[in-house]
Every structure is written in structure tokens, then in C-alpha cells.
*Asks:* 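Dropping the structure in here first, questions after.
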Amino acid sequence: MDTRHPRIISASRRTDLPAFHTAWFIESLRQGRCQVPDPFNPARQRIISLLPQDVDGIVFWTRNAAPLAPWLHEVDARQIPYYFLWTITGYPRALEARTPDMQQAVDSFRSLAVRLGPARMIWRYDPVIITDITPAQWHEENFARLCAALKGCTQRCITSFVEPYVKTRRALAALARSGVHTHLPGEHAKAAMAAALHSIAANHNITLQTCCTPVTGIHASLPLAAPCVDAALLQRIGGNATGASATDKNQREHCLCAPSTDIGRYGTCRFGCVYCYARR
């Protein structure tokens with residue numbers, strides 16, 4: 001049994017913990033620890049400390065924080081800094097079978113932003129996936145609508161282009177058999193689209209940043225790469241002096257995230273997004 005005292009908790013890249021596992025998380029928080037199977041060897045269990053003295057902050061990844069919102073006072077009581085990475089894309093159901101309705105997601109996002117402030121509400125328009133039903137022009141129009149809806153409730157938006165992982169390729173191949181084909185853009189097309197989205201976001205006082213997607217090209221205005229797990233932001237939220245942080249060597253190339261310990265389990269999200277690497 002592996003016992004670890006983390007500094008930053010990721011909750012979670014592997015599943016939507018706020019949407020589906022709030023009860024488990026709150027009970028674990030009360031106990032001061034949680035048990036998580038190793039993703040590569042499920043028989044090996046890790047005990048992760050959730051005691052305030054062992055945790056510098058929590059990063060919540062979600063598409064629906066509404067189930068967790070009434071319980072955030074338990075995190076506040078332990079004086080653990082936290083913020084949200086909240087994905088809202090508004091994609092067709094062929095790509096996202098059971099995600100919250102876009103207006104419902106926007107309303108929930110705005111409601112929590114009133115409580116936490118825009119700096120702790122980071123919007124993810126992620127991943128960008130080009131298909132027959134979501135071409136580049138569709139993304140620009142869709143992104144503009146969402147920017148207008150979320151203006152004033154967030155300061156940052158993080159985006160990336162879909163990565164063709166093995167699981168993702170299989171799912172997209174099945175999607176193609178149903179009549180919806182995916183198109184992986186080249187570097188020039190990525191740069192053009194990133195510049196367009198960057199300009200749209202700036203017009204709504206939102207800074208667009210990229211995740212694990214270095215974008216280069218002829219365009220003068222391109223979004224900069226940024227960490228999703230941001231140690232400096234957690235330090236500011238907690239009222240501590242900011243300092244340089246190492247990057248997480250366990251993440252993919254170009255990732256700028258600070259090291260973190262993920263407490264999620266693969267295969268436990270029920271939203272059914274076809275491009276998701278964590279689904280089973």
C-alpha cells in the first residue's frame with residue numbers, strides 16, 4: 001500500500017469528480033484521506049492524504065459543479081485554496097452524448113462565479129474538434145456566443161486541439177461509421193483558428209491560453225501556453241507569496257502544469273464524450 005502526502009490535488013483529470021462523485025469526495029475530506037487505485041495496476045491502492053497540512057490546493061475539473069457547490073464550505077473550513085477548470089463547449093450530442101445543456105452549464109458557471117470571483121473560474125473550451133458538423137466557422141460562432149455568455153465571470157479560457165490517442169481514434173472511427181467525420185487540422189490551420197479564437201476572447205475581456213498545444217505560425221496574435229494546474233494561482237488564492245514551480249513530468253509533452261496527485265478513477269464519468277481519453 002502506497003501512502004502519499006501530496007501538495008496539489010487534481011480532482012480530476014480522470015473523471016468528473018464534482019459532477020458524479022461529490023459524496024465520496026466530501027466523506028474522504030472529512031476522513032482526511034482517500035484511497036485511489038493505481039491506474040496502471042488497480043490491485044495496488046494508494047492512500048492519499050487530504051489533511052490541510054498536506055495539501056497546498058485543489059484543482060477541480062468539471063462540466064457540472066452544481067452537485068459540489070453546496071459542500072464547498074467544507075473545503076473553505078479547512079482553508080485549502082481551490083479553483084475550477086470548467087469545460088463548456090456546446091457541442092452537438094453526436095460528440096457529447098450526456099453533457100449538461102449549454103444554457104444550464106452557463107447558468108451554473110455564472111452562479112458559482114458570483115460566489116468565488118472570476119479568477120477562480122477558469123473556462124475550458126477544450127478540446128477543439130473539427131468535424132463535418134463542427135467546422136472551423138462553426139467553432140468561431142459557437143465560441144463567440146459562449147464568450148458573450150461568460151463575460152465578466154471568468155478571466156481565462158484554456159483550449160487545445162483534440163489529440164488522437166488510441167482510444168480517441170477508435171471512438172472517432174466509430175463516429176465516422178455513423179456519418180460524422182473528424183478532420184485533424186495542420187499547423188497553419190491550427191494557428192489561423194487559434195488566432196481567431198484569441199481575438200474573439202479578447203473582445204470579451206477573456207484571455208485565451210493553450211494547453212499542451214504550442215501554436216506557431218504567421219499570425220501576430222496567438223494565445224500563449226499556460227498551466228491548467230497552476231501553483232502560482234493557488235498561492236495567490238491562499239494569500240501566500242508566489243514562486244516558481246516545477247512542471248509535472250508525468251504529463252504529456254509541452255504540459256506546463258505543476259506536479260499534482262490525481263484522485264480520480266478512469267471509466268467513472270458518465271457524460272459520454274466520444275473524444276475523451278478517460279472513457280472505457
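Worth saying up front: this structure is predicted, and the values here are computed from it rather than measured.
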*Asks:* Are Y125 and L256 connected in the hydrophobic side-chain network, where two residues link if heavy atoms are under 4.5 Å apart?
*Replies:* no
*Asks:* Using a 4.5 Å cut-off between side-chain heavy atoms of Ile, Leu, Val, Met, Phe, Trp and Tyr, which other residues end up in the same hydrophobic cluster as F20?
*Replies:* F271
*Asks:* What are the two closest non-hydrogen atoms of A201 and L208, and how far apart are they?
*Replies:* CB-CB, 4.1 Å
*Asks:* Please confirm whether R120 makes a cation-pi placement over Y83, using NZ or CZ under 6.0 Å from the six-membered ring centre and within 45° of the ring normal.
*Replies:* no
*Asks:* Does T15 reach the main-chain N or O of L17 with its side chain, forming a donor-acceptor pair under 3.5 Å?
*Replies:* no
*Asks:* So which of R110, Q103, Q104 actually passes side chain to side chain donor-acceptor pair (under 3.5 Å) with D107?
*Replies:* Q103
*Asks:* Could you state whether I133 and M193 fall into the same hydrophobic cluster, counting links through intermediate Ile, Leu, Val, Met, Phe, Trp or Tyr residues with side-chain heavy atoms under 4.5 angstrom apart?
*Replies:* yes
*Asks:* Quick check against the 3.5 Å criterion: does N142 have a side-chain atom that pairs as donor or acceptor with the backbone of T89?
*Replies:* yes
*Asks:* Between D16 and C269 (side chain of the first, backbone of the second, donor and acceptor by atom type, cut-off under 3.5 Å), is there such a pair?
*Replies:* no
*Asks:* Counting N and O atoms only, with roles assigned by atom type, does the side chain of N64 sit under 3.5 Å from a partner on the main chain of A19, one being a donor and the other an acceptor?
*Replies:* no
*Asks:* Answer with yes or no whether the hydrophobic clustering places W24 together with L51; edges join I, L, V, M, F, W, Y residues whose side-chain heavy atoms lie under 4.5 Å apart.
*Replies:* no
*Asks:* With under 30° as parallel and over 60° as perpendicular, where do the rings of W123 and F143 fit, or are they tilted in between?
*Replies:* parallel
*Asks:* Among F84, W86, W71, which residue meets the ring pair (Phe, Tyr, Trp, His ring centres under 6.0 Å) test with F60?
*Replies:* F84
